[in-house]
**Q** 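The structure's right below; bear with me while I get my questions together.
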2 protein chains.
Amino acid sequence: MSLTDIHTPVRTGTDAACCAPASRDAIGAEAAETLARSLKALADPARLRLVSMVAAHPDAEACVCDLTEPLGLSQPTVSHHLKVLVEAGLLTRDKRGTWAYYRLVPGALDSLAALLAAV
Amino acid sequence: MSLTDIHTPVRTGTDAACCAPASRDAIGAEAAETLARSLKALADPARLRLVSMVAAHPDAEACVCDLTEPLGLSQPTVSHHLKVLVEAGLLTRDKRGTWAYYRLVPGALDSLAALLAAV
DNA sequence: CCACCGCATCGATGGATGTCAATTCATGGG
DNA sequence: CCCATGAATTGACATCCATCGATGCGGTGG
């Protein structure tokens, strides 16, 4: 399921609910899992700072060596967090020569925020 | 620190960064922790569904008995998730008689989404 | 006054996760 | 050809977390 497919009309339960049957449909279980996976990727101080630091760099591009020292974490840990962010579709990795450059995926943060507000 | 106080001008590191010094300021470590705490509260499928189910109910209000069965989780687990959401400032709890009614905190989701988009 | 019901809390447990040191991989320069 | 450097991977470890069953607590009705 894609992140753009959250409010599919999945009934939220049977009609045997104790008090009231819901006036509109809540998000379905799969949509919730999809959104939760994306939010989990950002629900970490180190990863939030990484995203922000990449966005703050000139050309919105940064290599690992730019990020390790200001973050105060070891290089493997930073690499790990960056991998999580790439797999979540928030960053892209571009290896040029010795260095690996990370960029924001345009619009990824905004669509995530939009989905969050629509829950 | 409050959630409305993310982009305070905290320098992200020393000037000894290896490649480029950053063209604008990234969010500070404390702001990142604050935002991460809020996002963690929502970065769970069960809690996302709970928020959505509460919002979907008539009068945007639901008691635990409304939520346990459609969610497919035990009552203690649902109570636990609701507590997390209340502590994160996303829901309010109102005990009336035998039942505990949960409501969305107006604007909480939207301001969180706005902060996310501004990272 | 007592039994029942809705909900919160407690304790335990299995699994996910953040972190680092050590290692490996890849690339470029001598 | 080998070494130096930047980055990813691996393995280990401690901690956190989602979940449940059992229990406790307050309110309602008989």
Side-chain angles (χ1 to χ4, degrees), chain A residues 16-20 29 32-33 35-51 53-54 57 61-88 90-103, chain B residues 16-20 29 32-33 35-51 53-54 57 61-88 90-103:
Chain A
C18 82
C19 305
E33 289 221 32
L35 226 191
R37 243 190 309 273
S38 295
L39 288 176
K40 252 186 232 287
L42 277 172
D44 181 276
R47 290 197 284 268
L48 279 174
R49 293 184 70 194
L50 281 173
V51 168
M53 288 163 71
V54 168
H57 259 254
E61 178 178 81
C63 61
V64 181
C65 62
D66 286 323
L67 306 167
T68 302
E69 182 258 348
L71 204 54
L73 294 175
S74 72
Q75 175 265 318
T77 301
V78 173
S79 255
H80 162 68
H81 285 311
L82 289 170
K83 181 179 185 175
V84 171
L85 289 168
V86 168
E87 283 171 349
L90 292 162
L91 295 184
T92 58
R93 193 182 94 107
D94 176 32
K95 178 143 189 174
R96 292 202 301 270
T98 307
W99 294 276
Y101 293 92
Y102 288 87
R103 285 176 172 279
Chain B
C18 80
C19 305
E33 289 221 32
L35 225 193
R37 242 190 309 272
S38 295
L39 289 176
K40 253 185 232 289
L42 277 173
D44 181 277
R47 290 198 282 270
L48 279 174
R49 293 184 71 194
L50 282 173
V51 168
M53 290 164 70
V54 169
H57 258 255
E61 177 178 82
C63 59
V64 180
C65 63
D66 286 324
L67 307 167
T68 303
E69 183 258 347
L71 204 55
L73 294 175
S74 71
Q75 174 266 316
T77 301
V78 174
S79 254
H80 161 68
H81 285 310
L82 288 169
K83 180 177 184 177
V84 171
L85 290 168
V86 168
E87 283 171 350
L90 292 162
L91 295 183
T92 58
R93 194 181 95 107
D94 176 32
K95 177 143 190 174
R96 293 201 302 269
T98 306
W99 294 276
Y101 293 93
Y102 288 86
R103 284 177 172 280

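As a basis for the values below, the full set of heavy atoms in this structure was taken, side chains included, without hydrogen atoms, waters or symmetry mates. In what follows, every chain begins at residue 1, and chains take the letters A, B, ... in the order their sequences are listed.
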**Q** Return the value, rounded to whole Å, for the distance between atom CG of A:Leu50 and atom C1' of C:dG18.
**A** 13 Å

**Q** All N/O contacts under 3.5 Å from nucleotides 27-30 of chain D to the protein, with atom names and distances to one decimal?
**A**
none

**Q** What nucleotide among D:dC17, D:dA7, C:dC7 has an atom nearest to a side-chain atom of B:Lys40?
**A** D:dC17

**Q** Taking the nucleotide of DNA chain C with the nearest heavy atom to each, does A:Gly72 or B:Tyr102 sit closer to the 5' end?
**A** B:Tyr102

**Q** Quick check on contacts: within residues 73-86 of chain A, what sits under 4.0 Å from DNA chain D by heavy-atom distance?
**A** A:Gln75, A:Pro76, A:Ser79, A:Lys83

**Q** Find out whether B:Leu82 and B:Leu67 are in side-chain contact, i.e. whether some heavy atom of one side chain is under 4.5 Å from a heavy atom of the other.
**A** yes

**Q** Just how far, in rounded Å, is C1' of D:dA7 from CG of A:Asp94?
**A** 14 Å

**Q** Measure the distance from CG on B:Leu39 to P on D:dC17 and round it to the nearest whole Å.
**A** 14 Å

**Q** Of the options D:dC17, D:dG6, C:dT19, whose atoms approach the side-chain atoms of A:Ala46 most closely?
**A** C:dT19

**Q** Looking at A:Lys40 and B:Ala43, what are the two nearest heavy atoms and their distance?
**A** NZ-O, 3.0 Å

**Q** Give the rounded distance in Å between these two atoms: CG of A:Leu42 and C1' of C:dT17.
**A** 16 Å

**Q** Using a 4.5 Å cut-off on heavy atoms from C-beta on, say whether the side chain of B:Leu48 contacts that of A:Leu39.
**A** yes

**Q** What do the steps show when you test A:Asp94 against A:Arg103 for side chain to side chain contact (heavy atoms under 4.5 Å, CB included), and what is the final call?
**A** CA-CA 8 Å; A:Asp94 176 32; A:Arg103 285 176 172 279; 5.7 Å; no

**Q** Quick check on side chain to side chain contact (heavy atoms under 4.5 Å, CB included): which of A:Leu90, A:Val78, A:Leu91 does A:Leu50 satisfy it with?
**A** A:Val78

**Q** Decide yes or no for B:Met53 and B:Asp66: does some side-chain heavy atom of the first lie under 4.5 Å from some side-chain heavy atom of the second?
**A** no

**Q** Can you check the A:Arg47 CZ to C:dT19 C1' distance for me, whole Å?
**A** 12 Å

**Q** Report the residues that fulfil salt bridge (charged side-chain N to carboxylate O under 4.0 Å, His left out) with A:Arg93, sequence neighbours left out, ordered by chain and then residue number.
**A** none

**Q** Between B:Arg47 and B:Val51, is the side chain to side chain contact (heavy atoms under 4.5 Å, CB included) condition met? List the steps.
**A** CA-CA 6 Å; B:Arg47 290 198 282 270; B:Val51 168; 5.6 Å; no

**Q** Taking atom P of C:dA16 as reference, at what distance in whole Å does atom CG of B:Asp44 sit?
**A** 13 Å

**Q** For the pair made of CG in B:Leu48 and P in D:dA18, what is the distance, rounded to whole Å?
**A** 12 Å

**Q** Rounded to the nearest angstrom, tell me the gap between atom CG in B:Leu71 and atom C1' in D:dC20.
**A** 14 Å

**Q** Which heavy atom of A:Leu73 sits nearest to which heavy atom of A:Thr68, and what is that distance?
**A** O-CG2, 3.2 Å

**Q** Counting only side-chain N and O atoms of B:Arg93, is one of them less than 4.0 Å from OP1 or OP2 of C:dC7?
**A** no

